[in-house]
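Each chain gets a letter, A, B and so on, in the order its sequence line appears, and its residues count up from 1.
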Amino acid sequence: MATERYNAPDREPHWQSVWKDRDTFRTGTDPDKPKCYVLEMFPYPSGRIHMGHVRNYTMGDVLARYKRARGFNVLHPMGWDAFGMPAENAAMQNQTHPGTWTYANIAAMRTQLKSIGLAIDWSREFATCDAAYYKHQQAQFLDFLDKGIAYRKSSKVNWDPVDHTVLANEQVIDGKGWRSGAEVEQRELTQWFLKITDYAPELLEALDTLDKWPEKVRTMQANWIGRSEGLLMRWALAGDTPAGHDVLDIYTTRPDTVFGASFMAIAPDHPLAKALETSNADLATFCDTCRQMGTSVADIESAEKLGFDTGLTAVHPFDDTWKVPVYVANFILMDYGTGAIFGCPSGDQRDIDFARKYDLPVIPVVAPDSDAARAEALRQIAAGTAYTGPGVMINSRFLDGQDTQTAFNSVADRLSGETVGGKPVAERQTQFRLRDWGISRQRYWGCPIPVIHCDDCGVVPVPKADLPVELPDDVSFADPGNPLDRHATWRDVACPSCGKPARRETDTMDTFVDSSWYFVRFADPTSDTPANADATRYWLPVDQYIGGIEHAILHLLYSRFWTRAMSDTGHVDNLREPFAALFTQGMVTHETYKAADGTWLTPVDVDITGEGQARAATQRATGQPVTIGGIEKMSKSKKNLVDPDEIIGSYGADCARWFMLSDSPPERDVQWTEAGVAGASRFIQRIWRLVDEAIAKGATSDAAAPVSFSDDAMALRRVTHKTLDQVGNDIEALRFNVAVAKIYEFANALQSALAQNEPKPDVQWAVREAAEIMVQLVGPMMPHLGEECWARLGNHTLLADQPWPAAEPGLLVDDQITVAVQVNGKRRDEISVAKTADKAELEAAALALDSVRKALDGQAPKRVIVVPQRIVNVVV
RNA sequence: GCCCCAGUGGCGGAAUCGGUAGACGCGACGGAUUCAAAAUCCGUUUCCUUCACGGGAGUGCCCGUUCGAGUCGGGCCUGGGGCACCA
């Protein structure tokens, strides 16, 4: 039969306009329907979509369409993470306004996204750079300020000298700016912070409730929050102590090693160090040197552990005749714990290095229990290697013989009730590694921080009635730095409190703020408050969030915090966790190609010949040989990009979608290959032909179901309904590659059935059923092809509006099954039996097999294990 | 250094509960169709051994638990990721 090929690039825009005209994917709250909020991380409007976007949004789209078919009221929105540095860089290069650049990019990318055929409610679209959005961000900031969640402090900050801005700790990767890659410097600046540390215990504990999040992400967040259990200890100081410094507070997680203490160390920025500096020029010089030290990994690893003896001593809490020297040391951090420690050299490599350098005692206090291991540990300590393993206490007076945990408690208990300088000598304390989130950025293209600085009144919040504080349009990027600082008419305002001349805050918010609550705004993007209570109560939390693993800490931790802060400022009802389920998808990779002159080449400029070892590449334009490089994440720098527009234009969006879902598990990287695209394209044509043949050879849509089915018809119906059942489960579990494989198997089965000559009426009916279900199964993944086939089958409805078909339970189980027969655990044979066969029947059938009899050789079996419906194992 | 994950044919991968390892796809090989090609269809494709029937080995390596291990436990090796002067 001559069948036209399915012309995807021609038909896809048609179905997209049908969905658009019918408002198919517009959503509203509907209390009578169960809701499902499917969200993919919204894109930054860089200008063009890339294959990673296609993969990300396709996954979410399959789930959204499937859930819709299952009767859920589905929210599947799209927006733009639109503030950020690239717009400013473009402004400097092209003399355009960042807003102009950004909105043009959004327009281009919207068109591209629409060409993928996503089931998105576009009426909810917004960009974070819309004043209508950031107005509500400013309102929330004011509420946070009011509640003490936002505050201002002077502190050492990470300064990116290339981007001329401050970075949060989370944004410093290996000592370099996450965006610019420049070595980060330390500067003292007054900045706005959000009190994420107040939420540290909750953010950590609640990770246990996120059972639909990847374990990996939860672990990364737990490590980042970094809880530790320890003791705050107060040691009395002796010697010529500055006023108010009679006692030194230290934090330790190992109070059990207190009898191994041989020195105290404090940070160069510790108040005690600063007090001593004023009267000790040498110490001041030492501290200055420490402060100037870089914080890059290289600096830290190469830096020697240095100390400066203050001349003061600290009195041991268990023996007031025992005094240890107090050092200022360059490896002590002021912003962790109390900025002071006691050093136990035998149990800490840093401390032992320090002790050996300054000739301080090294007292072993923990050692393994067995004699041999203990001797070895002591030898190692003597040689300069600390023992950090488990063991029992030695040389530790009343602690001797206790294990380390018991000793920890003994110390805490023994000191409880004791006081020094009116305060307890020791208190149990939990410390977190997490620091407060610094959100001030010295940038133009961000959300203005809505406060005004007045010489008389201090920091004055902008009255809510005056929001939004809009960015001025008339700015120049000719000079480096923040144009808001130079914009006098915007910057200089009257104090809202006293009316005197005052200055606007010219810092804008970190763009991670913008993405920390956009998912809430989607519930009602036109609400005149940040969140509409009814809408958020109905839609949130997000039921399935999908995005890249690179946001495991930054975006996802900030969002979890912001949601709690919104809840605590009354913007949402008791919502603590924004994302009930999280899925982190893998990247899209491609081979790399390098020309003889070392420049990277894009795949379209390269011709590949040969296979396997014989593969070779040449440059298309010149015929010059090309080196085939490794498979790497698609990136502009390596030029190993494939443009979604080109694929969609020549093969169609469905082809790109199907390929993205096939083969590779969604959480792993997928390698984009020409062969893979061609395979997907072949399958599209195959479905098209199968539907066509099924129409020709199968029953008509109105044919009554036969009263009974032959074995052939039953076989096809079983495959049909099993596939229906399994594909649903696989989509639900986001196992798209497995769902794809099941559909292939189903297609093979249908094709075999169609190969019969003159099928009987019951087979014809089963063929028709199979074709219809096949179309519905591919619908969520290849929606355009689905609609086209659905219409071809004679339907006047939209496939997108069809409910998911129900699998007939009776067809999901086989009456006759194959059970493997093992001899001594090795598979020797198989038997075909009724599904209901009991142990005795299975055993008898297995023992009757020639292969089993041969193995038994006339002997009775020692044992026969029978697991009905699964296996028979004969032990000889 | 600490923490986490992964390792299955030529390749991507499947095996949801400890029960027939390699589904499905890609690639390759053989065949049909065609004047020829494209397209399509059919078959073979873990390795070793055998003319064949068959037999043996096999999920990174070693050991263990079990009637039975890709799956569970212990110890390694390799690769990837995260954290890191955090007391």
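The closest side-chain donor-acceptor pair between Arg560(A) and Gln221(A) falls under 3.5 angstrom. Asp353(A) and Gln349(A) share a donor-acceptor pair across their side chains, judged by distance under 3.5 Å alone. The closest side-chain donor-acceptor pair between Tyr66(A) and Glu732(A) falls under 3.5 angstrom. No hydrogens or angles considered: a donor-acceptor pair under 3.5 Å links the side chains of Ser228(A) and Tyr336(A). Between the side chains of Glu229(A) and Thr430(A), a donor-acceptor pair is found at a separation under 3.5 Å.
For Tyr336(A) and A87(B), the shortest distance from a side-chain N or O to OP1 or OP2 is below 4.0 Å. Residue Asn748(A) has a polar side-chain atom (N or O) positioned under 4.0 Å from OP1 or OP2 of G25(B). Contact check, Arg218(A) against C4(B): no side-chain N or O comes under 4.0 Å of OP1 or OP2.
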Could you encode protein contacts along nucleotides 53-60 of chain B as a string, one character per nucleotide from 5' to 3', using B for base contact, S for sugar-phosphate-only contact and - for no contact, with a heavy-atom cut-off of under 4.0 Å? ---S----

Please test Leu203(A) against Ile196(A) for side chain to side chain contact (heavy atoms under 4.5 Å, CB included), starting from the C-alpha separation and ending with a verdict. CA-CA 9 Å; Leu203(A) 288 169; Ile196(A) 192 170; 3.9 Å; yes

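Between the P atom of C11(B) and the CG atom of Asp669(A) lies a distance of 18 Å, rounded to the nearest Å. A straight line from CD of Glu215(A) to C1' of C5(B) spans 10 Å, rounded to a whole angstrom. Put simply, CZ on Arg254(A) is 15 Å from C1' on C86(B), counting in whole angstrom units.
Only the P atoms considered, U45(B) is 14 Å distant from G25(B), to the nearest whole Å. A14(B) and U8(B) have their P atoms separated by 11 Å, given to the nearest Å. C77(B) and A39(B): their C1' atoms are spaced 49 Å apart (whole Å).
With Tyr327(A) as the fixed residue, the ring-ring contact (aromatic ring centres under 6.0 Å, His included) test singles out one of Phe308(A), Phe354(A), Phe286(A): Phe354(A).
Without hydrogens or angle criteria, Arg234(A) side chain to Val247(A) main chain gives no donor-acceptor distance under 3.5 Å.
Listed nucleotides: G12(B), A15(B), C86(B). Nearest to the side chain of Arg433(A): C86(B). The Arg350(A) side chain lies nearest to A87(B) when the options are U16(B), G27(B), A87(B). If you check A15(B), C17(B), C67(B) against the side chain of Arg735(A), the one that comes closest is A15(B). Comparing A87(B), U20(B), G13(B) by their nearest atom to the side chain of Ser228(A) picks out A87(B). You'll find that the side chain of Leu333(A) is closest to A87(B), out of G19(B), U20(B), A87(B).
RNA chain B forms stems at B:1-7 with B:77-83, B:10-12 with B:24-26, B:27-32 with B:40-45, B:46-49 with B:54-57, B:60-64 with B:72-76, each a run of 3 or more consecutive Watson-Crick or G-U wobble pairs whose two key distances fall under 3.5 Å.
Both Arg827(A) and Arg863(A) lie near RNA chain B, and the one whose nearest nucleotide falls closer to the 5' end is Arg827(A).
Between the base of C67(B) and the side chain of Asn873(A) there is a donor-acceptor pair shorter than 3.5 Å. Within 3.5 Å, no donor on the side chain of Gln349(A) pairs with an acceptor on the base of G1(B), nor the reverse.
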Pick out the pairs of N or O atoms, protein on one side and nucleotides 41-43 of chain B on the other, that lie under 3.5 Å.
unit_1	atom_1	unit_2	atom_2	d
C41(B)	OP1	Arg689(A)	NH2	3.4
C41(B)	OP1	Gln751(A)	NE2	3.4

